[in-house]
Enquirer: 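This is the structure I have questions about; it appears just below.
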Amino acid sequence: MTRKDDRGHRWTDQGVQRAVIRIVRRLSPGFGRRKITRKTRLHTDLGWDDWYVLRVVGPIRATLHETLEDRVVLALRTVGDLVSCVWNGMEAT
């Protein structure tokens with residue numbers, strides 16, 4: 001199954017997951033690729049505070065062409081939640 005981002009690019013769920021994990025990894029120096037999974041907790045495992053969580057908004061908009069609302073992002077607890085949020089925001093094809 002594929003979905004379209006706001007610019008019309010097609011994404012698979014695995015493609016969205018890989019892109020989100022790449023973004024989280026760039027924002028989390030010291031965490032290897034294999035250490036960040038869908039189950040990784042943003043606050044507990046990565047040590048992010050609420051303000052740091054908001055740093056994903058810009059890279060997601062730049063890479064995945066999806067706009068996330070701050071209040072929604074602040075409610076996310078895991079990388080999987082972030083992946084699902086982006087995926088669900090895309091247009092089903």
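Computed over heavy atoms, backbone and side chain alike; hydrogens, waters and symmetry mates excluded. Model, not experiment: these values are computed from the prediction.
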Enquirer: Find out if a path of hydrophobic residues (ILVMFWY) with successive side-chain heavy-atom gaps under 4.5 Å connects Val72 to Leu82.
Expert: no

Enquirer: Could you give the distance from NZ (Lys4) to CZ (Arg10), rounded to the nearest 0.5 Å?
Expert: 5.0 Å

Enquirer: List the atom of Arg26, the atom of Thr63, and the distance in Å for their closest heavy-atom pair.
Expert: NH2-OG1, 4.3 Å

Enquirer: Please find the pair of heavy atoms, one from Trp11 and one from Trp87, that lie closest to each other, and give the distance.
Expert: O-CZ3, 3.6 Å

Enquirer: Can you tell me how far CG of Asp70 sits from CH2 of Trp51, rounded to the nearest 0.5 angstrom?
Expert: 8.0 Å

Enquirer: Please identify each residue that fulfils salt bridge (Lys or Arg N to Asp or Glu O under 4.0 Å) with Asp45, with sequence neighbours left out.
Expert: Arg41

Enquirer: Does any part of the side chain of Thr40, heavy atoms only, come nearer than 4.5 Å to the side chain of Val24, both counted from C-beta?
Expert: no

Enquirer: Who pairs with Trp48 by ring pair (Phe, Tyr, Trp, His ring centres under 6.0 Å), at least two apart in sequence or on another chain?
Expert: Tyr52

Enquirer: Tell me yes or no: between the side chains of Thr12 and Thr2, is some donor less than 3.5 Å from an acceptor?
Expert: no

Enquirer: Begin with the C-alpha distance, continue with both residues' side-chain angles, and end with the deciding distance and a verdict on side chain to side chain donor-acceptor pair (under 3.5 Å) for Thr44 and Arg77.
Expert: CA-CA 9 Å; Thr44 307; Arg77 296 293 165 229; over 6 Å; no

Enquirer: Quick one: closest heavy-atom pair of Met90 and Leu64, and the distance?
Expert: CE-O, 4.0 Å

Enquirer: For the CZ atom of Arg61 and the OG1 atom of Thr67, what is their distance to the nearest 0.5 Å?
Expert: 5.5 Å

Enquirer: Among Leu42, Asp81, Asp50, Val53, which residue meets the side-chain contact (heavy atoms from CB on, under 4.5 Å) test with Val73?
Expert: Val53

Enquirer: Going from SG on Cys85 to CG on Leu76, what distance comes out if it is rounded to the nearest 0.5 angstrom?
Expert: 5.0 Å

Enquirer: Within the distance-only criterion (no hydrogens, no angle test), does the side chain of Glu66 pair as donor or acceptor with the backbone N or O of Asp6 below 3.5 angstrom?
Expert: yes

Enquirer: Looking at every heavy atom in both Arg38 and Ser84, which two are closest together, and how far apart are they?
Expert: NH2-OG, 3.3 Å

Enquirer: First locate atom NZ of Lys35, then atom CD1 of Ile21, and finally report the distance between them rounded to the nearest 0.5 Å.
Expert: 15.0 Å

Enquirer: Apply side-chain contact (heavy atoms from CB on, under 4.5 Å) to the pair Thr37 and Val79, showing each step before the final yes or no.
Expert: CA-CA 7 Å; Thr37 67; Val79 172; over 6 Å; no

Enquirer: Between His9 and His65, is the side-chain contact (heavy atoms from CB on, under 4.5 Å) condition met? List the steps.
Expert: CA-CA 9 Å; His9 300 118; His65 313 293; 3.4 Å; yes

Enquirer: So, for Lys39 and Thr78, which heavy atoms are closest and what is the spacing to 0.1 Å?
Expert: O-CG2, 4.2 Å

Enquirer: Does Met1 form a side-chain contact (heavy atoms from CB on, under 4.5 Å) with Asp13? I'd like the steps, not just the answer.
Expert: CA-CA 7 Å; Met1 180 170 165; Asp13 57 344; over 6 Å; no

